[in-house]
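To keep things clear, I will list the structure first and then write my remarks on it.
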Amino acid sequence: MDILTSLLYGFSVALEPTNLLFCTIGVVLGTLIGVLPGLGPAATLALLLPFTFGMPPTPTLILMAGVYYGSMYGGSTTSILVNIPGEAASVVTCFDGYQMARQGRAGAALGIAAIASFIAGTFSVVGLMLLAVPLSEFGVRFGPPEYCLLMLLALTAVGLLGSVSLSKAVAMATFGLLVSTIGLDVGTGRERLTFGTVELMEGVNFIVVVMGFFAFAEIFICLGDSARRQIFRTPGRLSELFPTRRDLKVSAMPIMRGTVVGFFLGVLPGAGATISSFMAYGLERRLAEQPERFGQGAIEGVAAPEAANNAAAGGALVPLLALGIPGSGSAAIMLGAMILAGVRPGPFLFQEQANLVWGLIASLYIGNVLLVIINLPLVPLVASLLRCPFYILYPVILVFSVVGVYSLNGSFFDLWLLFAFGLAGYFLRQLGFPPAPAVLGVVLGPLFESSLRQSLGMSQGNWGIFVSRPLSAVLVLLVVAIVLVPILMGRRRPIES
Amino acid sequence: MRAGDIWAGGAIAAVGAVSVAVVLPLEFWSEYGPGPAFFPLVLAAVLVVIGGFIAFAGWFDRAGATAAAANYRKPGLVIIVTAAYMALLHVIGFGLATALFLFSLFYWVESRPLGRSLALAVGVTVAVHLIFVSFLKTSLPAGMMASWIS
């Protein structure tokens with residue numbers, strides 16, 4: 001099937017009433033939860049993941065993709081209206097979006113954010129379609145050594161590029177990998193790190209770790225932050241959301257540049273939405289005739305990073321679908337959702353489950369349109385959610401997390417694990433330990449271990465297998481470069497700051 | 001000196017050390033290649049080294065604590081109430097435990113008026129029950145009390 005035929009087929013799947021309904025629900029839920037302060041795409045996906053248990057794969061993935069896009073969009077709303085980024089990628093939107101809101105232009109800022117997200121989201125799906133198929137065909141040549149190194153590459157890139165401290169990122173990634181080894185060894189059936197506990201024999205469900213590190217820890221951190229949250233007058237009518245003709249003219253090129261920067265950085269594991277949004281903002285500031293306007297309410301300062309972080313979200317799906325390698329923390333949770341739904345992303349996905357993957361791609365187009373159609377009129381409602389006091393929100397989120405985790409296996413042990421991971425996540429995050437590498441470690445751990453053991457089994461213990469094959473040698477060089485380049489450059493850039 | 005890093009590094013190294021001790025009796029290498037101990041043992045050893053390094057670096061850091069002192073009182077209270085909630089879920093079941101949990105947070109932690117706290121706690125519990133049990137057919141803890149009564 002060529003791409004166009006496949007896409008048409010995908011639309012026939014995505015437009016089935018059930019799938020369309022799940023796409024709509026995903027987009028709306030993603031926006032409504034993603035808009036809550038502190039809950040970014042990763043936490044939103046984590047909160048909703050347990051409720052997809054038992055659902056068929058196609059609607060599950062369509063729902064989660066809608067949530068993913070919706071929460072990205074929701075994050076920008078909090079940045080603009082309350083100066084609280086929903087997640088790291090929306091930090092840059094605060095700079096000018098909040099200033100625009102203070103100047104009484106919240107409507108224009110929200111409108112341009114929605115338009116930029118729509119354009120970037122749509123272009124990134126086109127890019128995903130064009131890149132993922134050839135990449136998956138290339139990925140068929142990968143054997144266990146290449147897969148093992150791909151996992152290492154993803155862990156290194158996501159863990160190290162997005163963190164301030166190299167040692168803390170390595171510690172978190174290693175901890176996540178160690179957690180993934182808990183339970184019965186697949187090869188021999190021997191118990192590992194179960195401490196004789198029956199509940200640990202099946203291992204630690206990655207949702208428990210994600211909910212602990214993101215939902216619980218996030219709440220505890222927010223509780224310690226007493227910063228006042230001020231909400232500006234939000235637009236009451238749809239017409240107030242439309243940027244002026246001048247706004248659109250000024251924002252056109254920043255949106256296009258942000259889309260290109262965001263997509264290509266999003267494809268690279270680890271670069272992700274955060275770096276993309278910072279890069280796009282920096283680029284616009286550098287190209288601007290009056291760079292001093294940035295930070296004072298320049299609309300380009302909203303358009304470019306919003307385009308970049310949404311394009312990056314689409315870009316991150318390229319390695320995820322084609323190679324099974326998540327490019328970001330949120331993509332790692334998407335990978336977990338796929339595995340839970342019985343789908344194994346990778347080179348064979350496009351051949352073996354074409355209906356699912358093309359249905360998902362088509363639903364991304366539909367989701368983008370729905371985001372604009374549904375969410376723009378919903379802005380006043382979404383803004384009113386932000387007015388809901390935090391003292392009501394956080395207990396509800398805690399209860400939802402408990403219900404979500406309990407519904408997985410009906411296990412009280414899982415609830416205590418959730419609590420333990422939440423507590424650990426809270427203290428570790430306070431001390432600057434990034435949570436994403438740990439989650440990635442838990443998700444990638446089983447595949448990483450099996451490909452490592454297969455590789456060493458094939459070579460009878462000879463580690464040279466990782467450099468003797470051309471493809472794996474290139475991957476080794478990439479891993480080494482990611483580790484060494486920041487060290488050789490003298491210091492690491494504090495991205496999260 | 002960064003006390004937080006010293007404690008965190010120490011805890012990470014301790015997790016690694018305990019894991020090494022637990023995994024060590026397993027087979028590291030078999031005739032077919034790496035055994036069940038191979039991967040966790042390597043990871044645990046890395047944790048010991050990296051945890052030690054973080055603690056060591058924190059001890060010798062001359063800049064001292066750079067992060068602003070966080071407010072731990074409220075998170076601490078919520079953590080205690082949440083732990084009690086987890087324990088109570090098992091005993092008195094979801095409905096009662098959740099209502100108590102929410103009431104404690106609203107009334108005790110957040111110092112809201114008694115009537116409003118009570119109304120919010122009951123309202124949210126009923127709403128959650130309706131959504132998850134009645135609508136989504138999710139199974140929630142009934143608690144040991146339910147089995148004693150029946």
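All values below were derived from every heavy atom in this structure, side-chain atoms included, with hydrogens, water molecules and symmetry-related copies excluded. Letters go in sequence order (proteins before strands), and every chain restarts at 1.
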Decide yes or no for [X] and [Y]: does some side-chain heavy atom of the first lie under 4.5 Å from some side-chain heavy atom of the second?
X: V402(A); Y: F101(B); result: no
X: Y391(A); Y: L120(B); result: yes
X: V399(A); Y: F94(B); result: yes
X: L431(A); Y: W7(B); result: no

Taking every non-hydrogen pair under 4.5 Å, which of W29(B), Y32(B), F106(B) racks up the most with chain A? F106(B)
Heavy-atom pair count under 4.5 Å with chain A, highest-scoring of L140(B), I12(B), T98(B):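 If we count pairs closer than 4.5 Å to chain A, L140(B) comes out on top.
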Testing the basics here: between [X] and [Y], what is the closest heavy-atom pair and its distance to 0.1 Å?
X: P34(B); Y: G457(A); answer: CD-N, 4.1 Å
X: A171(A); Y: L47(B); answer: O-CD2, 3.6 Å
X: L26(B); Y: E191(A); answer: CD1-O, 3.6 Å
X: L105(B); Y: P395(A); answer: CD1-CB, 3.7 Å

Looking at F39(B), does the NZ or CZ of R453(A) lie under 6.0 angstrom from its six-membered ring centre and within 45 degrees of the ring axis?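 Because its charged atom misses either the 6.0 Å distance or the 45° angle limit, R453(A) does not stack over F39(B).
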Walk me through whether V22(B) and F195(A) qualify under side-chain contact (heavy atoms from CB on, under 4.5 Å). CA-CA 8 Å; V22(B) 172; F195(A) 301 93; 3.5 Å; yes
Mind checking the [atom1]-[atom2] spacing from [X] to [Y]? Nearest 0.5 Å is all I need.
X: K168(A); Y: D5(B); atom1: NZ; atom2: CG; answer: 3.5 Å
X: S167(A); Y: I50(B); atom1: OG; atom2: CD1; answer: 5.5 Å
X: F220(A); Y: T82(B); atom1: CZ; atom2: OG1; answer: 4.5 Å
X: F419(A); Y: Y85(B); atom1: CZ; atom2: OH; answer: 13.0 Å
X: L166(A); Y: F53(B); atom1: CG; atom2: CZ; answer: 8.0 Å
X: L193(A); Y: S19(B); atom1: CG; atom2: OG; answer: 5.0 Å

Which answer fits [X], side chain, backbone, both or neither, if we ask what part of it has an atom under 4.5 Å from a heavy atom of chain A?
X: A121(B); result: neither
X: I54(B); result: side chain
X: V18(B); result: side chain
X: A87(B); result: both
X: R73(B); result: neither
X: V81(B); result: neither

Chain B contacts, top residue of L428(A), T174(A), D185(A), I221(A) (heavy-atom pairs, under 4.5 Å): T174(A)
Chain B: which of V396(A), I182(A), I392(A) shares the most heavy-atom pairs with it under 4.5 Å?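 So the answer, after comparing V396(A), I182(A), I392(A), is I392(A).
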Geometric class of the Y426(A)/Y72(B) ring pair [parallel <30°, tilted 30-60°, perpendicular >60°]: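 Geometry flag for Y426(A) against Y72(B): perpendicular rings.
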More than 12 heavy atoms from other groups under 6.0 Å of CZ on F56(B):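 Count not over threshold, so no.
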Option among Y406(A), W416(A), F413(A), F412(A) that satisfies the ring pair (Phe, Tyr, Trp, His ring centres under 6.0 Å) test with H90(B): F412(A)
Polar side chain donor-acceptor pair, Y394(A) to E110(B), under 3.5 angstrom: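 The criterion, which ignores hydrogens and geometry beyond distance, is satisfied for E110(B) and Y394(A).
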Short question: side chain of R192(A), backbone of P36(B) - any donor-acceptor pair under 3.5 Å? yes
